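To start, the structure under review is shown below, and the notes come after it.
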Amino acid sequence: MQVGLFGGSFNPPHAGHSLVAEIALRSLRLDQLWWIVTPGNPLKAGREIAPLAERIALSEAIATDPRIKVTAFEAAYSVRYTADTLALVRARNPGVDFVWIMGADNLADFHRWQRWREIALTMPIAVIDRPGSTLSFMSSVMAKTFDHARVPERQAGTLAHMRPPAWTFIHGPRSLLSSTAIRAARKG
C-alpha cells in the first residue's frame, strides 16, 4: 500500500490544501492520503491558532475524497516534530510505503525544521508546486543538499517504493489561497 502523509496546522484548511491532496493522490498513485492536523507548529510558535477540534472538523469538511483520512494522532502521542511523526508512523505500519507531502512554499524553510536531514533520510518526499515557489525551489538548502536524490517528476508514481533520500517536485494547478491571508481577512 502507498500512503501519503500530508501534515500541517491547517489554520484554517482551504481549497488549496484540497488541491495539493488531489495532486498528490493522482501523481504519486497513492492508495490513501493521511491529512495530519498538527497540534501546533514549533516554527510558528506565538501565532494565533484555532482549536485542534475545529481544524479537524474543517479539514474533514473539505477533504471529500474517500482515500483521504483526516487525523490528529500527533496530539494523542504528544509528537511535536515531523521527524518523530515519521518514525512513529513507520514503526506502527510495517510494510506500508510512505511519502511525505509538502507544499513548495515550505521548501525554503525546510532546513529550519528539527532534524530536517533525518526527515529526508527517513522517507521519500513529494514537493507540490505552490504560487511563487515554482522557480525558487531549486535554491533551497534542501534542494541543494539532496540534489543527487531528486527524482524526475515523471517517476513520481514510484516514489513511495524508493529508498530515501528521494524527492521530486510536482508541477500542476496552483491555488492562490493561503491560511495566513484567510486569517488576515477575518481580522480585517
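As the structure is a computational prediction, the values presented were derived from the model and not from experiment.
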Taking all non-hydrogen atoms of both residues, which atom of [X] and which atom of [Y] are closest, and how far apart?
| X | Y | answer |
| --- | --- | --- |
| Ile62 | Ala15 | CD1-N, 4.4 Å |
| Ser9 | Arg55 | O-NH1, 2.6 Å |
| Val99 | Ile125 | CG1-C, 4.2 Å |
| Ser18 | Trp35 | N-CH2, 3.9 Å |
| Ala166 | Val151 | CB-CG2, 4.1 Å |
| Ala72 | Ile56 | CB-CD1, 3.4 Å |

Give every donor-acceptor pair under 3.5 Å between a side-chain atom in residues 154-163 and any protein atom, sequence neighbours left out.
| unit_1 | atom_1 | unit_2 | atom_2 | d |
| --- | --- | --- | --- | --- |
| Thr158 | OG1 | Gln155 | O | 2.8 |
| His161 | ND1 | Asp97 | OD2 | 2.8 |
| His161 | NE2 | Gln2 | OE1 | 2.5 |

Would Arg67 and Leu30 satisfy side chain to side chain contact (heavy atoms under 4.5 Å, CB included), going step by step from the backbone distance to the final call?
CA-CA 8 Å; Arg67 295 172 293 173; Leu30 300 174; over 6 Å; no

Quick check for you: to the nearest 0.5 Å, what is the distance between [X] atom [atom1] and [Y] atom [atom2]?
| X | Y | atom1 | atom2 | value |
| --- | --- | --- | --- | --- |
| Asp65 | Arg26 | CG | CZ | 11.0 Å |
| Trp116 | His111 | CH2 | NE2 | 8.0 Å |
| Thr82 | Met123 | OG1 | CE | 10.5 Å |

Evaluate the side chain to side chain contact (heavy atoms under 4.5 Å, CB included) criterion for residues Ile128 and Phe169: first the C-alpha distance (whole Å), next the side-chain angles of each, then the deciding distance (0.1 Å), finally the verdict.
CA-CA 6 Å; Ile128 310 294; Phe169 189 93; over 6 Å; no

Using a 4.5 Å cut-off on heavy atoms from C-beta on, say whether the side chain of Val141 contacts that of Phe110.
no

Taking the six-membered ring for Trp, are the ring centroids of Phe6 and Trp100 within less than 6.0 Å of each other?
no

Looking at [X] and [Y], would you say the former's side chain and the latter's main chain have a donor-acceptor pair under 3.5 Å?
| X | Y | value |
| --- | --- | --- |
| Asn106 | Met102 | no |
| Trp167 | Ala120 | no |
| Thr38 | Gly8 | yes |

Please test Arg117 against Thr145 for side chain to side chain contact (heavy atoms under 4.5 Å, CB included), starting from the C-alpha separation and ending with a verdict.
CA-CA 9 Å; Arg117 283 183 176 91; Thr145 302; 4.3 Å; yes

Fit a plane to each ring of Tyr77 and Phe73, take the angle between them on a 0 to 90° scale, and name the class: parallel (under 30°), tilted (30 to 60°) or perpendicular (over 60°).
perpendicular

Any side-chain donor near an acceptor of the partner, Thr85 and Glu74, under 3.5 Å:
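Looking only at side-chain atoms, Glu74 and Thr85 do form a donor-acceptor pair, the distance falling under 3.5 Å.
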
Short side-chain donor-acceptor distance under 3.5 Å, Trp34 and Thr71
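Judged by distance alone, the side chains do not pair up.
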
Test log, rule side chain to side chain contact (heavy atoms under 4.5 Å, CB included), inputs Val127 and Ile170
CA-CA 6 Å; Val127 181; Ile170 299 174; over 6 Å; no

